[in-house]
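Structure record follows, encoded as structure tokens.
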Amino acid sequence: MSITGIKGMNDILPGEVETWQFLESTARRVFALHGFSEIRVPVVEKTELFQRSIGETTDIVEKEMYTFVDKGGTSLTLRPEGTASVMRAFIEHKMHAADPVAKLYYLGPMFRYERPQKGRYRQFHQIGVEAVGVDDPRIDAQILAMLSQFFDEIDLGEVELQINSLGCPECRPAYRRQLVAFLEARLGDLCDDCRRRFTSNPLRVLDCKAAGCREATLDAPAMLDHLCGGCEQHFAATRAYLDDLGTPYAVNRRMVRGLDYYTRTTFEMLTANLGAQNAVAAGGRYDGLVRELGGPALPGIGFAMGVERLALLMGDKDRISPPPALFIAALGEAAQRRAFVLMHQLQRQGLRVEIDYQGRSLKAQMRRADKLAAPLVLIIGENELAQGVGQLRLMADSSQREIALEGLHEAVVAELTKLSGAGQGA
Ligand code: ATP
Ligand code: MG
């Protein structure tokens, strides 16, 4: 019996991977415009990093982590998200000493033991950004505007940016007490998970996806009505800057996030087209996190996008690898040897070239050229070879003319230029 992949962990095949590459290169380009540099961190960290940053009572730490003990007896975890690792690296390399503002982005696989379904997998991929060192609400607005710009550029259509403020350690405890009092009176209507959350992490009840819990908490008190002066001002300024930039958003007063480290600005980019998996990007401010992980008291803000969900939404946009510029069809052993060398030379000169590897008939080779959608085919047989020429065939109109193999690169480039000119004219 053949060995299969692991449930919830996907292969990304040619035909799909082009969409991924497009998303990645667009992210790299847009983030670079805003001054972000890439950082690459390992996919495995010490388990306590995630316990301490994400929080013991979150879904991720309670039930979703891939944790194992390595041969040295250390508990390690496949990273469930990127922020903790990036902050660990930021602190470990004292990046704040070199530059008081760090603007970083990352992309790569994340691992969570969840129930696999459309848009929810056990190995999934995130593209994320983190900005450390800036309190000013302009960075909040810039990051949201950058997220918006990315979504405009990938042309995903119907997405909505929702924002909220989760307050800070100064104002959240009082709000939390009010929420607890509110929830206590409705415990009977909450799901089992939420009854547990009620004692461990009551804010998370507002994030529950169960219909009963949503209904029971419809008029729950909102953090927004309980912000301290500083948080209130910060949120108002963030909104004002977003308005200045013309970045559309909606305030969602009940948005909380599944990780403990968030403070003040939190946000999600939502789509109506992915059922329950409606968040394509999510993030927020985490002003206490760097300190909590043993670093200096620096504020931070970031987000992560789920690449699988973006790719699903992009689905029917046809993005395939470009076809070869030229297919060389060769007949007979000597011509095949020459074709092989010509291909190599043209590739070194920057052209995409394909040949047939199986010594098949001319007809079969032409069929393959057609399948690969090569616009040009160079045909060489023993006679042509002896004269140092080949037949250059234009697949569009099946016209054919003899050309010298000497100077083949120039001839092919000239023909491609003509073709692209014709394509533009049409
Ligand atoms: P959800 O509420 O959908 O579980 P989350 O709050 O757990 O999302 P985050 O931890 O904020 O998600 O991660 C940011 C983004 O990563 C999400 O908005 C989503 O697009 C994506 N994501 C999260 N978990 C998964 C998963 N298991 N499979 C695929 N994508 C995911
Ligand atoms: Mg989740």
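Ligands are counted one by one from 1 in listed order, and the atoms in each one are counted from 1 as well. Counting from 1, the numbers follow the sequence of the chain as shown.
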Considering only protein heavy atoms, which is closest to [atom], and at what distance to one decimal place?
atom: atom 21 (C) of ligand 1; result: G306 CA, 3.6 Å
atom: atom 30 (N) of ligand 1; result: F124 CD1, 3.4 Å
atom: atom 14 (C) of ligand 1; result: Q126 NE2, 3.3 Å
atom: atom 11 (O) of ligand 1; result: R257 NH2, 2.3 Å
atom: atom 2 (O) of ligand 1; result: K209 NZ, 2.7 Å
atom: atom 27 (N) of ligand 1; result: E114 OE2, 2.7 Å
atom: atom 28 (N) of ligand 1; result: Y121 N, 2.9 Å

Next item on the list: For the residue pair R79 and Y66, confirm or rule out a side-chain donor-acceptor distance under 3.5 Å.
Entry: no

Check: Do you see a donor-acceptor pair shorter than 3.5 Å between the side chains of S53 and E292?
Finding: no

[X] side chain vs [Y] backbone, donor-acceptor pair below 3.5 Å:
X: D11; Y: L13; result: no
X: E308; Y: H125; result: yes
X: H234; Y: D135; result: yes

Checklist line | Option whose closest heavy atom lies nearest to atom 3 (O) of ligand 1, chosen from Q277, R122, R120 | finding: R120

Is it true that [X] lies under 4.0 Å from ligand 1, counting heavy atoms only?
X: R309; value: yes
X: R112; value: yes
X: H125; value: no
X: M269; value: no

Check: Looking at L326 and A374, what are the two nearest heavy atoms and their distance?
Finding: C-CB, 4.4 Å

Item checked: Atom of E184, atom of F198 and distance for their closest heavy-atom approach -> N-CE1, 3.6 Å

Check: If you measure from OG1 on T47 to CG on L78, what distance do you get to the nearest 0.5 Å?
Finding: 9.5 Å

Item checked: Atom CD of Q117: over 12 foreign heavy atoms under 6.0 Å -> yes

Notebook entry, point to check: Could you go step by step and tell me if Q277 and R120 meet the side-chain hydrogen bond (donor to acceptor under 3.5 Å, both in side chains) rule?
Noted result: CA-CA 7 Å; Q277 276 57 254; R120 194 176 292 286; 3.0 Å; yes

Notebook entry, point to check: Would one find an N or O of A304, backbone or side chain, under 3.5 Å from an N or O of ligand 1?
Noted result: no

Could you tell me, atom by atom, which parts of ligand 1 come under 4.0 Å of a heavy atom of [X]?
X: V280; result: 18 (O), 20 (O)
X: A282; result: 11 (O)
X: A279; result: 17 (C), 18 (O), 19 (C), 20 (O)

